Peer 1: 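The structure is given below, and queries will be raised subsequently.
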Amino acid sequence: MTDTTIPNAHDGENRPSDFIRDIVADDVKTGKHQQIVTRFPPEPNGYLHIGHAKSICLNFGIAREFNGVCHLRMDDTNPTKEDVEYVESITADVKWLIAGWADHCLGLKRHGHAPDASTVNGKPDYYQPSVVGAAAGPLEPFYASDYFDQIYACAVRLIEKGKAYVCDLSPDDTDEYRRNAKESPFRGRSVAENLDLFTRMKAGEFPDGTRTLRAKIDMASPNIWMRDPLIYRIRHADHHHTGGKWCIYPMYDFAHCLSDYIEGITHSICTLEFEVHRPLYDWILESLELPRALPHQYEFAKLIPSHMIVSKRKLIQLVNEKVVGGWDDPRLPTISGIRRRGVPAAALRRFAIGVGVTKFISLTDIAVYEHVVRDELNAIALRRLAVLDPIKIVLTNIPADQVIEVEATDNPQDENPTTRKVPFGREIYIDRDDFAEVPPPKYFRLKPGGEVRLKYACIIKCDEIVKDAAGNLVEIRCTADLDTRAGGANAAKKVKGTIHWVSATHALSTEVRLYDRLFTAAEPDADGDFTKHLNPNSLVVVQAKLEPALAQATPEQRFQFERLGYFALDAADSKPGKLVFNRTITLKDAWAKETQKK
RNA sequence: UGCCCGAUAGUGUAAUGGUAGCACAACAGAUUCUGACUCUGUUUGUCUAGGUUCGAGUCCUAGUCGGGCAGCCA
């Protein structure tokens, strides 16, 4: 029972430790809670992005390490901004990210189940239980909007306690009064009058903006959020989840703490900007004199990755202005985009966990992200041969009708690697970069008169280059030393360079999308105009030549096109017989770095 | 301006009063049928000033710098 041993996080990480986990561990040790319950509460008004991934991994990670539960909850209290499209994408993205890692901690609720009402110690109580794992009947995420009845009842109770009042001040005046710590003239209304007015607000008697319900706290507080904050506003608008039932909606501060309480959340973890709201969070829950244990809010610094834009407003701008193809464009740091790009969930998790949890606002170098993506892919990607910018080579000593099958390793990182057969013959393609008519110093690929090894095949020697009338290189003629094949008499012969190739007669001609960073600046929005720093080469589409085995690629498979990078099938645009591959990320390239030095 | 929060190599993050570690990046080298991976080595750090203490990155005070909040958004 007092066993606080934390299982090692998977994904190659040691057990993470941070100030929030320390608090949770302490609460477990002192027996403060029977079970740890966290929550991930996105507002369904946009797609989830890499920053949310950190929050998801934190909340689900804690649930997972402490045998707890993490609720997925739509924080949907503003009907004018939210939409079911986002509910669906958010749910899918969360499930993808935690699959195989924290599925067993995902807390959902029975479809349509309303909070249980009861009386505990003479006090009214509401509780919405979660269901984890395989359950009878369909499950769905939690919705703050499912608690509108209960939240309304809490507002009424606050009025009855003399701790809330209906205010008729205009929006401008409300702001003005709060900034100047001046009490509203409606602050002294009687309980009866407040009750009557609030009932009529609910009934739809008043237009938007004419009245609000405000908590009566302390207009002299140095903390603005304690200066009689608004807890309900009038909004005659249909809600994506509750339809036309309501015309008043609770504000975040009122709805969030109550949603946490109703769901039995123990640790309510949010980002730093809510720190100043914490006294209000506590005030509401304490003022209501609720019978069960209260949740507590803890704040951490959100993830800010370099070379990316994660602001919802700016992401929407990129989508709406068609700078990218949609919310799931592989260049976007949305979880949908990252998935489509070919990044494994495990890599995103490793990054999201690896950046750590602190209260220090920092800029995380995208290189850290790129490193875990490469590292994860290196372990699982099937090696394949592909040529992105083909130039033809004729091996003059191999007959035109001869097909030689060579054996290629699927992944040398495996302990017992599997192999496949790759066809090889007289005409092949190599990448244009792998030949230099006038080679720079330390160039050890193919050059006139030089030798190079064709990966998995044999060493070839460049005899002659063929140009067209305009002087463009059209063909390279070489001789192949078949004795240098694996198992051959000269197999051990060393040459400095090894390059990739595909058989011209067997190659698949396929669209490959070469993605690169969307922004060239580390902080694209530092000067207020992130569009200025868009990378014009963030997407380059090529018609590539691929080895035939790639015809059987599936959307889940990850590939390393040898010496080039990691690639995955584009699940959205690939059709049978017409495949599309996305480059997830290039391999590290010491040669490119070397040539840039000059 | 008020209130709140923060500050450890280039970047991020450990050290919970007792040897300042780790990862990424960078650089040099080894290895290599991927200029990848792997391996070895190198450079670089406790914001400042006082104080408490045998001992301070850690505790206290002041300052400096950075950030958040001041929506009928979340």
Side-chain angles (χ1 to χ4, degrees), chain A residues 14 17-19 22 41-43 45 75-78 80-82 144 167 169-172 174-175 178-179 181 208-214 221-227 229-235 248-249 251-253 255-256 270-279 299 301 306 312 354-372 374-375 378-379 383 385 408-409 412-413 442-445 452-459 484-486 491-500 522 560-565 586-595:
Chain A
N14 289 324
S17 168
D18 54 65
F19 76 100
D22 289 348
E43 184 189 13
N45 69 344
D75 204 4
D76 54 352
T77 56
N78 184 354
T80 59
K81 289 190 173 176
E82 296 147 8
C167 179
L169 246 27
S170 71
D172 285 350
T174 308
D175 286 354
R178 287 184 71 204
R179 267 197 288 270
D208 289 6
T210 55
R211 284 188 164 84
T212 58
L213 184 70
R214 297 177 65 177
S221 171
N223 182 342
I224 293 271
W225 292 103
M226 296 302 267
R227 316 232 267 234
L230 276 59
I231 57 177
Y232 260 95
R233 80 285 219 188
I234 301 170
R235 273 263 212 288
I248 56 170
Y249 293 92
M251 298 288 292
Y252 163 84
D253 286 298
H256 203 90
C270 61
T271 47
L272 250 26
E273 64 264 33
F274 294 101
E275 209 160 18
V276 288
H277 294 238
R278 187 171 0 115
E299 310 87 14
S306 75
K312 235 176 230 181
V355 292
V357 180
T358 67
K359 299 187 77 159
F360 176 59
I361 298 164
S362 57
L363 181 73
T364 300
D365 193 337
I366 198 175
V368 179
Y369 171 71
E370 293 177 338
H371 173 261
V372 297
R374 288 192 179 102
D375 194 53
N378 179 44
R383 309 296 129 118
L385 296 174
T409 305
Q413 304 289 321
K442 286 194 272 183
Y443 184 87
F444 40 83
R445 280 112 97 146
V452 78
R453 178 175 282 279
L454 297 176
K455 180 95 182 172
Y456 304 124
C458 62
I459 292 170
T484 58
R485 280 181 292 170
K493 179 173 174 182
K494 303 276 183 208
V495 285
K496 195 67 184 156
T498 299
I499 62 175
H500 56 277
Q560 183 198 100
F561 292 176
E562 297 219 32
R563 302 208 310 130
L564 295 172
T586 60
L587 246 33
K588 262 173 61 176
D589 190 348
W591 173 243
K593 197 185 278 184
E594 178 74 26
T595 52

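No experiment lies behind these values; they were computed from the predicted model shown. Convention: sequence-line order gives letters A, B, ...; per-chain numbering from 1.
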Peer 1: NA contact type, A/His500, heavy-atom cut-off 4.0 Å: base, sugar-phosphate, or nothing?
Peer 2: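 Contact class for A/His500: none.
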Peer 1: If the glycosidic angle sits within 90 degrees of zero it is syn, else anti. Tell me which applies to B/G50.
Peer 2: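 What B/G50 shows is an anti base, its glycosidic angle lying more than 90° from 0.
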Peer 1: By the 4.0 Å heavy-atom rule, please label A/Ser170 as base, sugar-phosphate, or nothing.
Peer 2: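 Since a base atom lies under 4.0 Å of A/Ser170, the category is base.
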Peer 1: Does B/C73 have its OP1 or OP2 closer than 4.0 Å to a side-chain nitrogen or oxygen of A/Arg235?
Peer 2: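 Indeed, a polar side-chain atom of A/Arg235 lies that close.
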Peer 1: Do any N or O atoms from the side chain of A/Arg383 and from the backbone of A/Ala408 form a donor-acceptor pair under 3.5 angstrom?
Peer 2: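 No, because the side chain of A/Arg383 does not come within donor-acceptor range (under 3.5 Å) of the backbone of A/Ala408.
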Peer 1: According to the Watson-Crick and G-U wobble definitions, with both distances under 3.5 Å, which nucleotide is paired to B/U1?
Peer 2: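 Paired with B/U1, as far as the under-3.5 Å criterion goes, is B/A70.
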Peer 1: Summarise how protein sits on nucleotides 7-15 of chain B as a single string, 5' to 3': B when a protein heavy atom is under 4.0 Å from the base, S for sugar-phosphate-only contact, - for no contact.
Peer 2: SS--SSSS-
Peer 1: Nucleotide by nucleotide, 5' to 3', does protein get under 4.0 Å of the base (B), only the sugar-phosphate (S), or neither (-) in nucleotides 32-41 of chain B, counting heavy atoms?
Peer 2: -BBBBS----
Peer 1: Would you mind reporting whether A/Tyr456 and A/Thr409 have side-chain heavy atoms less than 4.5 Å apart?
Peer 2: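 Touching, per the 4.5 Å side-chain cut-off.
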Peer 1: Determine, stepwise, if the pair A/Arg235 / A/Asn78 fulfils side-chain contact (heavy atoms from CB on, under 4.5 Å).
Peer 2: CA-CA 9 Å; A/Arg235 273 263 212 288; A/Asn78 184 354; 3.7 Å; yes
Peer 1: May I ask which nucleotide in the shown strands pairs with B/C33, Watson-Crick or G-U wobble, both distances under 3.5 Å?
Peer 2: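 By the stated definition (distances under 3.5 Å), nothing pairs with B/C33.
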Peer 1: Just name whichever nucleotide pairs with B/A20, Watson-Crick or G-U, keeping both distances under 3.5 Å, else none.
Peer 2: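 In the structure as shown, B/A20 has no Watson-Crick or wobble partner.
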Peer 1: Using Watson-Crick or G-U wobble geometry with both distances under 3.5 Å, which nucleotide pairs with B/G45?
Peer 2: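 With both distances under 3.5 Å required, B/G45 matches none.
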Peer 1: Might you work through the side-chain contact (heavy atoms from CB on, under 4.5 Å) test for A/Leu230 and A/Thr174, ending with a clear yes or no?
Peer 2: CA-CA 9 Å; A/Leu230 276 59; A/Thr174 308; 3.7 Å; yes
Peer 1: Less than 4.0 angstrom between a side-chain N/O of A/Arg178 and OP1 or OP2 of B/C72, yes or no?
Peer 2: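 It does, given that an N or O in the side chain of A/Arg178 lies less than 4.0 Å from OP1 or OP2 of B/C72.
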Peer 1: Check every strand shown and say whether A/Tyr249 touches a base, only sugar-phosphate, or nothing at a heavy-atom separation below 4.0 Å.
Peer 2: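 Touches nothing.
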Peer 1: Identify whether any heavy atom of A/Asn45 sits under 4.0 Å from a base atom; if not, whether one sits that close to sugar-phosphate; answer base, sugar-phosphate or nothing.
Peer 2: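 The answer is nothing, as A/Asn45 stays clear of every strand by at least 4.0 Å.
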Peer 1: Looking at B/A74, I'd like to know if its phosphate oxygens (OP1 or OP2) sit under 4.0 Å from a side-chain N or O belonging to A/Arg233.
Peer 2: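 Affirmative; the distance criterion is met.
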Peer 1: From B/C73, B/A70, B/A74, pick the nucleotide closest to the side chain of A/Arg179?
Peer 2: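 Per side-chain heavy atoms of A/Arg179, the pick is B/A70.
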Peer 1: Just to be sure I understand the rule, does A/Leu169 reach a base, reach only the sugar-phosphate, or reach nothing, if contact means heavy atoms closer than 4.0 Å?
Peer 2: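 Counting heavy atoms under 4.0 Å across all strands, the contact made by A/Leu169 includes a base.
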Peer 1: Is any side-chain nitrogen or oxygen of A/Lys359 closer than 4.0 Å to OP1 or OP2 of B/G68?
Peer 2: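 No, A/Lys359 has no side-chain N/O under 4.0 Å of OP1/OP2 on B/G68.
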Peer 1: Would you check if A/Met251 and A/Pro229 make a side-chain contact, meaning some heavy-atom pair closer than 4.5 Å?
Peer 2: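 No; the side chains remain at least 4.5 Å from each other.
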Peer 1: Judged by atom type as modelled, is there a donor-acceptor pair below 3.5 Å linking the side chain of A/Ser221 to the main-chain atoms of A/Met226?
Peer 2: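 Here the side-chain-to-backbone pair does not exist.
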Peer 1: For A/Thr409, report the nucleic acid contact type (base, sugar-phosphate, nothing); a contact means any heavy atom under 4.0 Å.
Peer 2: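 Nothing, no nucleic acid heavy atom in range.
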